[in-house]
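Below, chain A is the first sequence line, B the second, and so on; all start at residue 1.
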Amino acid sequence: MTNKTIKMALLGATALTLTAGIASAESHVKGDVNACLITKTDTNPFFVKMKEGAVAQADELGIQLDTFAGKIDGDVETQVAAVETCIAGGAEGILITPSDSRALVPVIEQARENGILVIALDTPFEPSDAADATFATDNFKAGVLIGEWAAATMEDPSSAKIAMLDLNPSEVSVDYLRNQGFLTGFGVDVKDETDIGDEDDPRIVGNDVTNGNEQGGRQAMENLLQRDPGVNVVYTINEPAAAGAYEALRSVGLQDQALIVSVDGGCPGVQNIAEGVIGATSMQFPLKMASLGIEAIAEYAETGAKPENSEGLDFTNTGVTLVTDNPVEGIDSITSEEALEQCWG
Amino acid sequence: MTQAPILKARGLVKRYGRVTALDNADFDLYPGEILAVIGDNGAGKSSLIKAISGAVQVDDGKIELEGKPINFSSPLEARDAGIETVYQTLALSPALSITDNMFVGREIRKPGVLGSVFKMLDHKAMEKFARDRLSELGLMTIQSINQAVETLSGGQRQGVAVARAAAFGSKVIILDEPTAALGVKESRKVLELIQDVRSRGIPIVLISHNMPHVFEVADRIHVHRLGKRLCVIDPKENSMSDAVAYMTGAKTPPEAAVAA
Amino acid sequence: MSDTTDPGRKGQDYEQDLDKSDVSVAEFKYLHNSPLDRIQHALHGNPTLVPVIVLVAAIGVFGLIAGDRFFSAFNLSLILQQVSIIGILAAAQSLIIITAGIDLSVAAIMVLMAVVAGNLAVYAGVPAPIALLVAFAGGTGCGIMNGLLVTKVKLPPFITTLGTWSIFYALNLWLSGAQSIRSQDIDAEAPLLKFWGIALEVGGARVTLGSLLMVAVFLVLWYMLNKTAWGRHVYAIGDDKEAAELAGIRTDRTLLSVYGLAGLVCAVAAWASIGRVGSISPQAFYEGNLQSITAVVIGGISLFGGRGSILGALFGALIVGVFQSGLRLAGVDVLWQVFAIGWLIILAVAIDQWIRKVSA
Ligand SMILES: Nc1ncnc2c1ncn2[C@@H]1O[C@H](COP(=O)(O)OP(=O)(O)OP(=O)(O)O)[C@@H](O)[C@H]1O
Ligand SMILES: [Mg+2]
């Protein structure tokens with residue numbers, strides 16, 4: 001397929017899923033072993049990269065891979081339909097980034113009862129053992145890294161005024177894990193580790209939601225600047241939100257006053273590190289999640305063995321790396337230049 | 001009638017699915033006359049005048065205005081040709097003011113740049129005109145010319161629609177049951193207006209179920225039955241009961257009337 | 001014609017006393033029973049009064065609750081800034097809703113045109129003014145496409161724009177690769193795209209050109225709708241399309257122009273949004289369609305068409321902005337902000353229904 005036809009296929013598929021709510025399925029390689037990849041959307045570059053990794057690995061191992069995606073993040077119905085299709089299609093394994101950690105559990109149980117290996121990618125289920133395994137970024141660790149970096153970079157962390165730019169009002173696991181990880185890394189008592197905003201540390205100016213995009217990031221930053229124009233540390237859920245926050249700061253001439261940190265490792269985000277818009281970001285590796293997932297399915301089909309969790313965690317950590325051009329002692333990091341070679345999107 | 005008809009239709013056919021509203025209907029309107037069209041409910045009277053005014057497109061048949069074939073594809077074209085119609089449904093916009101309704105589609109713009117470049121409407125001029133026309137009709141119970149039409153009574157609305165047609169019609173004015181909702185006094189005014197319009201030389205088509213009114217003002221009566229013209233009768237030579245008998249099929253009209 | 005008796009007249013017997021009838025213009029004392037009745041009538045004559053009152057009241061109440069932080073020139077100008085994009089979309093939405101339609105695709109057209117302008121100007125090296133002209137033409141084209149489907153194919157506007165929303169959204173994702181165009185790249189290649197983000201400082205207030213643009217868009221459209229024949233026709237069509245057609249309005253042509261104009265306004269919003277957000281994000285304003293409808297409804301424009309002033313939508317957008325800002329500064333959770341807006345919508349529609357009963 002040329003790039004153009006891929007785009008057309010993508011376009012067609014999106015149009016179809018958007019209008020009819022039907023999961024878009026694309027078959028990739030013919031083989032004895034069937035596997036499914038179900039992502040939250042097929043438009044977010046993160047999932048595009050994930051799909052790329054899965055398709056490449058499936059190609060190599062001779063696995064037939066069907067890919068599905070929801071319309072938007074949170075589109076549970078489409079994902080449920082996709083899982084049911086995979087069960088009916090006799091898949092050996094399902095890789096899924098659940099749009100809702102809890103709502104999909106029943107249909108996942110059904111899949112496992114049918115002897116299918118289910119691996120959650122990126123987003124764990126609740127409880128996490130609803131799936132056979134979880135291959136994910138340690139989002140808490142990702143938060144801790146940028147939190148520690150911010151604390152180490154500031155001259156006087158005790159005078160910090162922190163703005164917290166979160167995802168959305170539903171407080172999904174990525175949202176609280178990154179948020180609470182950052183605060184922990186920065187040295188704030190987070191109280192309940194699954195609750196955003198229950199902290200009483202006076203250094204926190206406030207929380208607001210961004211929907212993970214530039215527009216939301218800008219608006220949330222403006223709102224928090226309203227509460228305290230002295231904000232000097234800005235945590236953001238992802239890099240588009242960080243870019244929006246930077247715009248808000250810049251519009252009032254405060255861009256040099258605040259340190260912005262983020263999580264993701266998308267290429268525009270890494271570029272923003274290089275240009276000093278974002279101070280540091282924690283890079284995650286969607287491609288690796290997917291290729292490890294396909295490997296695990298191949299293994300399971302052959303030997304029946306299921307993957308083991310990383311030590312001390314209830315999931316398999318696919319790694320997270322701090323990216324910054326201002327490294328601090330004691331925290332491993334790579335530069336934006338190095339990161340540009342590994343970034344996704 | 002030695003003159004040629006100003007409006008002439010032959011063999012009009014209009015079907016709505018399986019319902020045939022017009023079944024080879026003919027129609028003639030002569031200069032300067034008041035032609036009444038009578039018929040039972042559902043006889044096809046409204047369909048006939050809608051075909052003439054461009055509101056519906058006929059399946060077959062031809063229409064001539066002043067001897068020239070016409071084929072209106074919208075009421076606007078008929079209006080531009082000088083045929084003004086008061087539909088049974090009145091065709092008023094409830095939320096718009098009386099003035100706006102009277103001038104819809106032929107608004108007056110302000111003189112000068114305001115009008116030509118900025119397309120600004122001349123509300124004052126339109127209001128004055130509208131007020132004058134309504135006074136002529138004696139519709140004085142209307143309190144404000146800028147009142148929304150929906151705040152008027154049914155009869156007042158009918159008055160507005162009639163005033164609009166009478167004010168702008170230049171060749172033919174068609175009135176589909178213009179007095180159906182009007183009070184005694186207002187009906188009288190409309191009848192006077194009809195005669196007044198005729199005295200200006202403009203022929204009128206009047207659809208009505210009110211036999212006394214029809215016999216009072218009409219020069220000729222077109223009896224419509226089952227989608228076609230049954231006959232045309234002279235009100236001076238026929239009684240109301242004759243007309244009703246023809247209309248309902250109780251009596252067969254004489255040959256001569258049918259031929260007309 | 002005169003009121004004097006015409007001797008040749010053939011009236012009926014019961015009409016003989018008609019000429020003696022009263023000829024004075026009727027003067028009714030308004031016999032409204034209660035103050036509520038009077039309010040109902042005032043609102044019927046002037047439906048924009050409701051949102052204006054709500055807006056002023058909301059500003060007052062939040063000024064009391066949240067204090068100076070809310071009632072500062074800076075915060076009020078910030079609200080204006082934050083509602084500017086949804087405000088412009090609401091202007092486009094009002095046009096459609098006044099014709100008794102609804103447009104679910106306004107935000108999708110806007111984002112698509114922002115991406116088109118950005119791709120051309122930032123990546124393809126097309127001069128920014130030309131890229132913007134292409135976006136304006138594109139936006140108008142998208143609107144006309146909606147219009148053709150509504151008038152020629154005779155699909156209901158809801159279904160039409162539900163479909164085109166998806167189509168425009170998919171095109172947007174395809175063109176952009178779901179990737180944002182960075183603010184820095186826009187600054188370097190086509191700063192004109194961010195023109196409406198320029199802010200004027202006036203005594204503590206920061207008014208962006210984008211906020212002024214929103215107000216200007218509303219004023220221009222208000223003029224067109226209220227002072228020109230075209231505008232009267234738009235209302236007439238929304239009121240009763242069949243009656244409008246019979247009264248001699250070219251309804252299809254007018255509708256097409258309304259949809260095209262709405263598309264153009266969306267493209268203008270696209271330009272303003274680049275200045276507002278800073279970058280061009282294909283994922284932004286996903287809820288913009290519904291937010292624009294919210295502003296219109298709260299602004300007292302009837303979803304049934306033909307009623308309400310477009311300025312209402314401006315006040316509607318401002319009310320939403322004031323509520324969000326006020327609740328936020330009062331320390332209310334996002335969740336409850338959403339909750340409050342929900343009730344506002346329901347209240348607005350309920351008031352609309354109540355006002356409409358006047359004529360019934
Ligand atoms: N739009 C329409 N769709 C379907 N049928 C229609 C339509 N308009 C009219 N008809 C049918 O055509 C026939 C003639 O209707 P029309 O309105 O012309 O009658 P009419 O003589 O004006 O009656 P009335 O005295 O009640 O006004 C009726 O049987 C009616 O049901
Ligand atoms: Mg009729």
**Message:** To check you understand the geometry: which heavy-atom pair defines the closest contact between C:Val111 and C:Ala284, and what is its length?
**Reply:** CG2-O, 3.6 Å
**Per-residue contact mode, C:Asp187 against chain A (heavy atom under 4.5 angstrom)** = side chain
**Prompt:** Side chain, backbone, both or neither: which part of C:Phe285 has an atom under 4.5 Å from a heavy atom of chain A?
**Reply:** both
**Message:** Just so I understand: if I count every heavy-atom pair under 4.5 Å between each of A:Asn213, A:Asn223, A:Val277 and chain C, which residue has the most?
**Reply:** A:Asn223
**Prompt:** What part of A:Ser170 lies closer than 4.5 angstrom to a heavy atom of chain C: side chain, backbone, both or neither?
**Reply:** neither
**Request:** Can you tell which part of A:Asp208 gets under 4.5 Å to a heavy atom of chain C, answering side chain, backbone, both or neither?
**Result:** side chain
**Request:** Measure SG to SG for C:Cys142 and C:Cys266 and state whether it is below 2.5 Å.
**Result:** no
**Asked** Between C:Phe62 and C:Phe71, does the ring centroid distance fall short of 6.0 Å?
**Response** no
**Item:** A:Gln215-A:Gln219 side chain donor-acceptor pair, cut-off 3.5 Å
**Value:** no
**Request:** State whether A:Glu222 and C:Arg276 are salt-bridged, where the test is any N-O pair (Lys NZ or Arg NE/NH1/NH2 against Asp/Glu carboxylate O) under 4.0 Å.
**Result:** yes
**Request:** Between chain A and each of C:Gln81, C:Gln283, C:Arg69, C:Arg182, count heavy-atom pairs under 4.5 Å; write down the option with the most.
**Result:** C:Arg182
